[in-house]
2 protein chains.
Amino acid sequence: MLSAACKESIRAMIYIAHAGGDKKIIPVKEVAEKLETSFYFLAKNVQKLVKAGLLFSYKGPKGGVKLAKSPEEIKLIDIVEAIDGLEFFETCLLGFKECSDEHPCAIHHKWADKRKAIYKLFSETSLKDVVEDMEKNCLQIIF
Amino acid sequence: MLSAACKESIRAMIYIAHAGGDKKIIPVKEVAEKLETSFYFLAKNVQKLVKAGLLFSYKGPKGGVKLAKSPEEIKLIDIVEAIDGLEFFETCLLGFKECSDEHPCAIHHKWADKRKAIYKLFSETSLKDVVEDMEKNCLQIIF
DNA sequence: TATATTTAAGATTAAGGAGTCTTAATTCTT
DNA sequence: AAGAATTAAGACTCCTTAATCTTAAATATA
């Protein structure tokens, strides 16, 4: 459902919020090392997050990125939208071109329920929620 | 979430159930025409459905495919499993390798709820449900 | 039995996303 | 001003999935 790029971007945002929040600048290189992933791949996705207004970036020595807003203002759905887009939440599950609220396919309404529930979860969950939860429970295992 | 191949396979199964059920043999060519899709692509996916035991196939003139079980015995989840597999229902939404019931990530449990709800919907919805609903409401628009 | 029709299987090609690399631009530090 | 560090941008390669084609196998029908 979420692309590999999107999952990694969310994990990156969690690390940035955890390590620097909207105050400290963190080099992308450091994020890639902590996530044990490719710097190149991560850097490309970070560029999208910058363009989407979720991160500020700074070039040069001591450069890097930091959150462009406070962690409670950044919702998971913002990251999903920036990387994957919202198509998932807008199209017929079975791919019927004619499917719509007026001419719903057999599972249109039931699927809409599930889809909306997921959208709600992503819209209501902020980086702050995620980071606080993980700092309590499991962040030391992961980073 | 579902691959293009999977969505098309579900639509194909709906058409086969509608036009032939587990009685009449329908040529794959006819299915491809009704779905307005590539015969080649569809035929390859149909082979998977045959191997998964969802369809019987018959070669030669008057050949084609028909349901291997009654429409109420075939659930959407069976088609998803045959084409895409069930990985979607088994992995961490954020891609944390260490995430598990014991060391859950911040949205592990909430996501598990959503995922299970989708699995339930797919497991409880049979081809019969879908076809009956669509024959009532919208099938004439679609095929 | 010969022919036409249909699926089976595997090879091949195309497209898109994942992942890598190179060069340019910026900026801190000396 | 020079050099080093860092992101920005775009080109490039690789891999998976989508899509196509070819040949073989099976079978109904004349």
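Computed from a predicted structure; not experimentally measured. Each chain gets a letter, A, B and so on, in the order its sequence line appears, and its residues count up from 1.
Put simply, NZ on Lys62(B) is 17 Å from C1' on dA26(D), counting in whole angstrom units. Atom NZ in Lys48(B) sits roughly 9 Å away from atom P in dT17(D) (whole-Å rounding). Going from atom NZ of Lys59(A) over to atom C1' of dA4(D) covers 15 Å, rounded to whole Å. Protein atom CG of Leu55(B) is 11 Å distant from nucleotide atom P of dT7(C), rounded to whole Å. Distance Leu42(A) CG to dC21(C) P: 15 Å, rounded to the nearest Å. Rounded to whole Å, the distance from CZ on Phe56(A) to C1' on dA8(D) is 17 Å. Atom NZ of Lys44(B) is separated from atom P of dA9(C) by 13 Å (rounded to the nearest Å).
Going from atom CZ of Phe56(B) over to atom NZ of Lys66(B) covers 7.0 Å, rounded to the nearest 0.5 Å.
In the set dT7(C), dT20(D), dA9(C), dT20(D) carries the atom at the smallest distance from any side-chain atom of Tyr40(B). Listed nucleotides: dG19(C), dA19(D), dT20(C). Nearest to the side chain of Ser38(A): dT20(C). Taking only side-chain atoms of Lys51(B), from C-beta outward, the nucleotide of dA8(D), dA9(C), dA8(C) with the closest atom is dA9(C). The listed nucleotides are dA18(C), dA8(C), dT7(C); the one nearest the side chain of Phe39(B) is dT7(C). Nearest to the side chain of Pro61(A), among dC28(C), dT7(D), dA8(C), sits dC28(C). The Phe41(B) side chain lies nearest to dA19(D) when the options are dT7(D), dT29(D), dA19(D).
The pair Lys29(B)-Glu33(B) meets the salt-bridge criterion, with a side-chain N (NZ, NE, NH1 or NH2) lying under 4.0 Å from an Asp/Glu carboxylate O.
Side-chain atoms of Ser3(B) and Asp84(B) include a donor-acceptor pair closer than 3.5 Å. Side-chain contact, Asp101(A) with His109(A): no donor N or O sits under 3.5 Å from an acceptor N or O.
Heavy atoms of Val28(A) sit under 4.0 angstrom from primed sugar atoms or phosphate atoms, though from no base atom. Among the heavy atoms of the strands lying under 4.0 Å from Gly60(B) is at least one base atom, whether or not backbone atoms are also near.
Heavy-atom nearest nucleotides on DNA chain C were determined for Pro27(B) and for Ala5(A), and the one closer to the 5' end corresponds to Pro27(B).
No more than 12 heavy atoms of other residues, nucleotides or ligands shown are found within 6.0 angstrom of NZ on Lys110(B).
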